[in-house]
Amino acid sequence: MTTLASGTDTLTRDALTVLQPGFTGTTAPDWLLRRLGEGLASVGLFGRNIASPGQLAALTAQLRAERDDVLVAIDEEGGDVTRLEVRSGSSFPGNHALGAVDDVELTHQVAHELGRRLASCGVNLNWAPSADVNSDPRNPVIGVRSFGADTELAARHTAAYVTGLQSAGVAACTKHFPGHGDTAVDSHHALPRIDVSADVLSERELAPFRAAIAAGTRAVMSAHILVPALDPDRPATLSRRILTGLLREELGYDGLIVTDGMEMRAIAGTYGIERGSVLAIAAGADAICVGGGLADDATVLRLRDALVGAVRAGELPEERLAEAADRVRALARWAGAAGSPAESAHGTEIGLHAARRALTVTAAPGLGSPDTFEPLTEPPYVAALTPVANIAVGDETPWGVAAELIHLLPGTVTGSFSAGDGPEHEAGENAGRAALQAAGPRRIVAVVRDEHRHPWMAAALDALLAARPDTIVVEMGVPQAAPRGALHIATHGAARVCGRAAAEVITGVPGL
């Protein structure tokens, strides 16, 4: 049973100030407005809160009518992880596509335009970019959210993204410190562990964060990962050695430290969200992100009272909580002074321009070259080999090339195929045979996402290509597997504009 604390004393206001909760619905509920009046300083938005740019602007105006300096945060990476365009797919390619182009000015322009759109809707804190170096190809949660596996590439594009986003008046929140790239475990489900030396961490994982700090990132998000070389006992989010010793003291960072979602199993499953939040603030975090799953007043009250109780019990220094709350208010002041920029000189087409530049088009050995490929003029069959979506991406956001091909070649038909049950290889062969039967005489366009991580997907492609070597393959994940098919298009991400760029190549029709 929750014990309500006074909504007016400094301690309680500070405890509310450090929370970044979510809520359900497209208008602010009464409880949220009430908490803003009592000291809550931040609100986190998710896809469920957004129906249109106009509705989002009205929602943020509603929040600011209650508290004019509120921080309105969102998880808008562009690419596969989008909240602004959760039901249509993003107008911007994600980090991996930008890394594939490797033009830091383009990355700056894309981030600026994304920031401009956020600012125009009243959003002033973006939980992006991902600065993780995707050094483990099996990574199930980072992948195309990373600029790539090369440390220096990731560092220079992280810096460009931070400066681009913040030039639009939106605070960047560089994540997931100290680096979530070298893991095959998703921290939404369990606690990942990175077993490399401190020297490797310093040279590889930390380089993009150093670049972000040098670029002036206003916030950094911690990762729910165990890094024994830094702290053998506690995950980074709860580690004073990592948040205070490394990030603050060694790297010299003095901005806001935000936790990743506290209801993720890596924390909630071991510590619980109340204990985890207390430990995170004690370790050096300044803001507690919660609300992706737990999005109600009861959660806010639980966390508020846990922090207040920890201070009163002597488990959390009151000065540490006050310092954290002050950093939240400092960021709110920066955001309030930043203002909203005018439309970018590069316009709203910068995302599609970047997606086109990111394409890698090849053909399998012995099947000619992309230069001799004859674009399709008849509607094909699009076979989407669909993996289970990770929680960060979600399963609401459409992906693929079918919608764009239907626009260009009316009559295009599509079907989705998954691993199903049983042994992966057998499941893949079954999916391939099912796709062949569904396609009939139509030319097949097979769309995959991280073929290298899914044996069933590779087996399905084997079956398709054995029967129909003229199949076109579109890889919309990390293009780690060898190119194959009559034409192989690597988009480096599954944003809507990536599908559009691939469809233009398949049909030979530019400028959709």
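Positions are given from 1 along the sequence.
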Sidechain-backbone polar pair: [X] side chain, [Y] backbone, donor-acceptor under 3.5 Å:
| X | Y | answer |
| --- | --- | --- |
| N139 | H180 | yes |
| N126 | E76 | yes |
| R87 | T397 | no |
| H108 | A159 | no |
| D231 | R234 | yes |
| R357 | D102 | no |
| E475 | T491 | no |
| H425 | W456 | no |
| E263 | L294 | yes |
| N134 | S146 | no |

Residues in side-chain hydrogen bond (donor to acceptor under 3.5 Å, both in side chains) contact with H96, at least two apart in sequence or another chain: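 H96 satisfies side-chain hydrogen bond (donor to acceptor under 3.5 Å, both in side chains) with no residue once adjacent residues are dropped.
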With sequence neighbours excluded, residues passing side-chain hydrogen bond (donor to acceptor under 3.5 Å, both in side chains) with W399: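 Listed in chain order: nothing, the list is empty.
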Polar side chain donor-acceptor pair, W127 to Q20, under 3.5 angstrom: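 Result is yes, a qualifying pair exists.
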Distance-only donor-acceptor check, side chains E113 and Q109, under 3.5 Å: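 The criterion, which ignores hydrogens and geometry beyond distance, is not satisfied for Q109 and E113.
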Worked verdict on C289 versus M262 for side chain to side chain contact (heavy atoms under 4.5 Å, CB included): CA-CA 6 Å; C289 177; M262 294 302 287; 5.8 Å; no
Sidechain N-carboxylate O distance under 4.0 Å for K175, E77: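 The answer is yes: the pair qualifies as a salt bridge.
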Carboxylate-amine/guanidinium contact E504 R356, below 4.0 Å: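 Yes, charged N to carboxylate O under 4.0 Å.
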Test item: L230 and P178 side chains (from C-beta on) under 4.5 Å apart, heavy atoms: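 Touching, per the 4.5 Å side-chain cut-off.
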